[in-house]
Amino acid sequence: VVGDVPLTIEPITVPTVSIVATDAVATEGTTDTATFKISQTNTSNFDTTVDVKLNLTKITKEDISKVEYTDASGVKVELTSEQIDSLIDGEFEVVIPKGSTGTPSFTFTATDDDIYESQEGFGLSISNAQNATLGTDSAVAVINDEDDTNTPNVPNDGDKPVVSIV
């Protein structure tokens, strides 16, 4: 009590930071991209930071033609090759500034190669949360081979070889 006014102390709610694949499919040779978003459960009086890692799983760096990063304030940049290497190494730091409700995101565009292949998986994970608790710490997505317009009823067969007997 301060004077005649009762003093109320509100409990501190530490945010939980998580990652999700909001669009979990990218398709070669199209504008169909895979997107991952990082969010926290509530605003904070402190910057929240996490390290992000690109888990290649069944892909290589060459399977990705572009990675765009949008920070918590909405500024979008295309990552350089060195920044993508940092993402692969798990050393890419993401910051959600104090007081922000922004959701940083990563958008992946698949390389349109000439290889006939099955669906290829990859993912992003977050770790080393500062000023937050880790919630969902990983999410996965896939890259599909592009469709061949000559076989519209057979999805994802765009690079399928044709065998002919002459």
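Atoms considered below: every heavy atom in the structure, side chains included; atoms not considered: hydrogens, waters and symmetry mates.
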Taken in chain and number order and not counting sequence neighbours, the residues that satisfy side-chain contact (heavy atoms from CB on, under 4.5 Å) with Thr41 are Pro15, Thr16

Hydrophobic cluster membership, with links at side-chain heavy-atom distances under 4.5 Å among I/L/V/M/F/W/Y: are Leu56 and Phe36 in one? yes

For residues 76-85, the salt bridge (charged side-chain N to carboxylate O under 4.0 Å, His left out) pairs (sequence neighbours left out) are Lys61-Asp85

Without placing hydrogens or testing angles, list every side-chain donor-acceptor pair under 3.5 Å for residues 121-135, not counting sequence neighbours.
residue	atom	partner	partner atom	Å
Ser125	OG	Asn55	ND2	3.3
Asn128	OD1	Gln130	NE2	3.1
Asn128	ND2	Asp51	OD2	3.1
Asn131	ND2	Asp47	O	2.8

Could you list the donor-acceptor pairs under 3.5 angstrom formed by side chains in residues 67-75, with sequence neighbours left out?
residue	atom	partner	partner atom	Å
Asp71	OD1	Ser73	N	3.0
Asp71	OD1	Ser73	OG	2.8
Asp71	OD1	Gly74	N	3.1
Asp71	OD1	Val75	N	3.0

Value for CD1 (Ile143) from OG1 (Thr57), rounded to nearest 0.5 Å, stands at 10.5 Å

In this structure, CG of Leu79 is separated from CD1 of Ile84 (nearest 0.5 Å) by 5.5 Å

Rounded to the nearest 0.5 Å, the CG atom of Asn144 sits from the CG atom of Asp32 at a distance of 8.0 Å

Tracing side-chain contacts under 4.5 Å among Ile, Leu, Val, Met, Phe, Trp and Tyr outward from Val25 reaches Val142

Notebook entry, point to check: Is a side-chain donor or acceptor of Thr111 paired with a backbone partner of Ser65 at a separation under 3.5 angstrom?
Noted result: yes

State whether the number of non-hydrogen atoms from other residues, nucleotides or ligands found under 6.0 Å of Asn45 atom CG is greater than 12.
no

Separation between NZ (Lys53) and CD1 (Ile19), nearest 0.5 Å, reads 13.0 Å

Got a list of side-chain donor-acceptor pairs under 3.5 Å for residues 88-109, not counting sequence neighbours?
residue	atom	partner	partner atom	Å
Ser100	OG	Gly102	N	2.9
Thr107	OG1	Thr35	OG1	3.4

